[in-house]
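Below you'll find the structure, written out as structure tokens, and then a few comments.
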Amino acid sequence: MAFTTIDNPELYFQCKLYSGTGSAQSITLDGSENMQPDLLWQKSRSHSQDSRIFDSLRGGSKLLYTSLSNASATDAQLITSFDSDGFTMGTSGSNANDSGTTYVAWCWKESATAGFDILEYTGNSTNRTISHSLSAVPHMIILKSHTHGEQWVVGHNSMDASSPWNYYMHLQATDARASNSNRWQNTAPTSSVFSLGTEDQVNGSKTYIAYLFAPKQGFSKFGSYVSTGDNFPYIYTGFRPAWLMCKVASGTTNDWTIIDNKRDSFNVANSRLYANTSGAESDADRVDFLSNGFKFRGDGNDMNGNGHTYIYMAFAESPFVNSKGVPNNAR
């Protein structure tokens, strides 16, 4: 029996805490393995600042804000290089390297092995398919026009029990899911393509960046759960989480809440940041990261409002059982 496809998740995902200096600095990741990031998501912890996304395909001078619909901004001194074990920032400190400000950086390595693909395409306003390189079925797609002001669009295989790809949500908003076949043609992705409709948000006369994620046993999972309020549900992932993002899909509206294992290095984890707001770090629904999943210890609408349906994406700190059959521990 294969317990995991990836024994050391730090080869493909790492989280890093750092302090801004207001001047050029190199950030070295803390993991036991070197990892050159292809997707870099930065957020201020101590101050109210919009979070920034960079990727190796567009280059470190191009940034998008997850909480805004703006087109990509350009500054040659933002991320001057994606390094073999981290990244280097230039002299432009605004929102990513301000002196006296603390930050978190979430870093992913693009790899079919890890189920992560970055691609760019130009829209044509007709129903179509786009090829990807995962050789697996993506369970979550996050995309945006980077040449025009346009909303972020999220697709998720658990957004609805019967027809999930008839639904979408916006990463920069609190909205619950909405149905519209003009996003994904109500067609599930395959191991080689995903489908787009004619909506400008996904396929207008613009250029788009897309981040595709496929689940990998022991490393990543994309699912849903129905919250129970003070009954505190447990969600099985097959690994001890390093990073978790949850969003209510139906029943109410709320933020895209992010918890990680570095800002809270032991249970209970309750330091939240939001993808869709500029807010500084604050306390959230309390969550335990377990050896094989996560369990809620609070009943707020962020993650566990009574009777609501939530989607989540999660990445591993360590698999529940490695390829040699050795189990991990709860933290």
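Along the sequence shown, residues are numbered consecutively beginning with 1.
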Determine the interplanar angle of the Y310 and H308 rings, folded into 0 to 90°, and report it as parallel if under 30°, tilted if 30 to 60°, perpendicular if over 60°.
tilted
Charged N to carboxylate O under 4.0 angstrom, R177 versus D160?
yes
Would you please test N157 and M140 for side chain to side chain contact (heavy atoms under 4.5 Å, CB included) and show each step?
CA-CA 6 Å; N157 75 312; M140 188 165 185; over 6 Å; no
Is there a donor-acceptor pair closer than 3.5 Å between any side-chain N or O of Q172 and the backbone N or O of W152?
yes
Side-chain contact test, heavy atoms from C-beta onward, threshold under 4.5 Å: evaluate it for F315 versus F116 and give yes or no.
no
Partners of F294 by ring pair (Phe, Tyr, Trp, His ring centres under 6.0 Å), sequence neighbours excluded?
F296, Y312
Any luck finding a side-chain donor-acceptor pair between N97 and Y18 under 3.5 Å?
no
Scanning both residues in full, the closest heavy-atom pair of A112 with K216 reads O-CE, 3.4 Å
Under 3.5 Å, is there a donor-acceptor pair between the S56 and E110 side chains?
no
Linking I/L/V/M/F/W/Y whenever any side-chain heavy atoms sit under 4.5 Å apart, do L29 and M89 land together?
no
Taking all non-hydrogen atoms of both residues, which atom of A316 and which atom of P9 are closest, and how far apart?
O-CB, 3.2 Å
Nearest atoms (heavy-atom pairs only) where A76 meets S61:
CA-CB, 3.9 Å
Side-chain heavy atoms nearer than 4.5 Å, only ILVMFWY residues, links allowed to pass through others: does that put W106 and L40 together?
no
Taking it one step at a time, do M35 and C107 satisfy side chain to side chain contact (heavy atoms under 4.5 Å, CB included)?
CA-CA 9 Å; M35 190 200 83; C107 306; 3.6 Å; yes
Run the ring-centre check on F239 versus F219 and record whether the distance is less than 6.0 Å.
no
Going only through I, L, V, M, F, W and Y residues with side-chain contacts under 4.5 Å, is there a path from Y225 to V248?
yes
Please give me the minimum heavy-atom distance between K247 and N254, naming the atom from each residue.
CE-O, 2.9 Å
Answer yes or no: is there a donor N or O on one side and an acceptor on the other, between the side chain of Q185 and the main chain of T187, under 3.5 Å?
no
Supply the atom-to-atom distance I6 CD1 to S318 OG, rounded to the nearest 0.5 angstrom.
12.5 Å
Heavy-atom side-chain contact between H156 and H139 under 4.5 Å:
no
When you measure from the side chain of R263 to the backbone of S271, do you find a donor-acceptor pair of N or O atoms at a distance under 3.5 Å?
yes
Side-chain contact, heavy-atom cut-off 4.5 Å: L78 with R52?
yes
Worked verdict on N180 versus N166 for side chain to side chain contact (heavy atoms under 4.5 Å, CB included):
CA-CA 6 Å; N180 188 320; N166 193 43; 5.9 Å; no
Is there a side chain to side chain contact (heavy atoms under 4.5 Å, CB included) between I53 and R58 once you walk through the steps?
CA-CA 11 Å; I53 277 190; R58 292 178 301 127; 4.1 Å; yes
Is R183 close to Q201 at the side-chain level, that is, under 4.5 Å between some pair of heavy atoms?
yes
Is the backbone N or O of H47 less than 3.5 Å from a side-chain atom of S44, with the two atoms forming a donor-acceptor pair by type?
yes
Can you check whether T102's main-chain N or O pairs, donor with acceptor, with S19's side chain at less than 3.5 Å?
no
Distance only, no hydrogens: is a donor on one side chain within 3.5 Å (strictly under) of an acceptor on the other, for S67 and N276?
no
Only counting residues at least two apart or in another chain, list the ones meeting salt bridge (Lys or Arg N to Asp or Glu O under 4.0 Å) with D83.
none
Does this structure show an ion pair linking E281 with R272, if we count only N-O contacts that are shorter than 4.0 Å?
no
Would W243 and W108 count as a close aromatic pair, with their ring centres under 6.0 Å?
yes
Check which hydrophobic residues are tied to Y168 through side-chain heavy-atom contacts below 4.5 Å, counting indirect links as well, and list them.
L119, Y121, I130, L134, I141, L143, V153, W165, W184, F194, L196, V202, Y208, L212
Shortest non-hydrogen separation from S32 to E10 and the atoms involved:
N-OE1, 2.7 Å
What is the distance from atom CG of N8 to atom CD of E33, rounded to the nearest 0.5 Å?
4.5 Å
Report yes or no: does D255 contribute a side-chain atom to a donor-acceptor pair with the main-chain N or O of T257 at less than 3.5 Å?
no
Under the criterion side-chain hydrogen bond (donor to acceptor under 3.5 Å, both in side chains), I'd like the reasoning laid out for T91 against S23: C-alpha separation, chi angles, the key distance, then a yes or no.
CA-CA 5 Å; T91 56; S23 58; over 6 Å; no
Ion pair present between K109 and D38, side-chain N to carboxylate O less than 4.0 angstrom?
yes
Pair D175, T253: side-chain N/O donor-acceptor within cut-off below 3.5 Å
no
Using side-chain heavy atoms (C-beta onward) and a distance below 4.5 Å, is T198 in contact with R128?
no
For S181 and N186, what are the C-alpha separation, side-chain angles and deciding distance, and is it a side-chain hydrogen bond (donor to acceptor under 3.5 Å, both in side chains)?
CA-CA 5 Å; S181 62; N186 195 15; over 6 Å; no
Would you indicate whether the side-chain heavy atoms of H148 and T207 approach each other to under 4.5 Å?
no
Find out whether F213 and M313 are in side-chain contact, i.e. whether some heavy atom of one side chain is under 4.5 Å from a heavy atom of the other.
yes
Any donor-acceptor pair under 3.5 Å linking the side chain of D117 with the backbone of S133?
yes
Would I258 and W256 show up in the same hydrophobic cluster when neighbours are defined by side-chain heavy atoms closer than 4.5 Å?
yes
Can a donor-acceptor pair be found, under 3.5 Å and without considering hydrogens, that links the side chain of N203 to the backbone of G197?
yes
I311 versus M169: any side-chain heavy-atom pair under 4.5 Å?
yes
Residues at least two apart in sequence or cross-chain that pass salt bridge (Lys or Arg N to Asp or Glu O under 4.0 Å) with E150, listed by chain then number, are K206
Sequence-distant partners of F320, ring pair (Phe, Tyr, Trp, His ring centres under 6.0 Å), two or more places apart
none
Does a side-chain N-to-carboxylate-O contact under 4.0 Å join D55 and K62?
no
Salt-bridged, D288 to R297, with N to O below 4.0 Å?
yes
Is there a donor-acceptor contact under 3.5 Å from the side chain of K43 to the main chain of A105?
no
Do Q49 and D98 have side-chain N/O donor and acceptor atoms under 3.5 Å apart?
yes
Do the numbers put R240 on top of the ring of F289, so that NZ or CZ is under 6.0 Å from the six-membered ring centre and no more than 45° off the axis?
no
Residues sharing V193's hydrophobic cluster, by side-chain heavy-atom contacts under 4.5 Å among ILVMFWY, directly or via others?
none
Check for a donor-acceptor pair, side chain of T66 on one end and backbone N or O of A275 on the other, with a separation under 3.5 Å.
yes
Closest heavy-atom pair, A214 versus A136, reported as atoms and distance to 0.1 Å, is CB-CB, 4.0 Å
Atom pair CG (L64) and CD1 (I209), whose distance is rounded to the nearest 0.5 Å:
8.0 Å
Strictly by modelled atom types, are W41 and S51 linked by a side-chain donor-acceptor pair under 3.5 Å?
yes
Report yes or no: do V104 and Y65 belong to one cluster of Ile/Leu/Val/Met/Phe/Trp/Tyr joined by side chain heavy-atom distances under 4.5 Å?
no
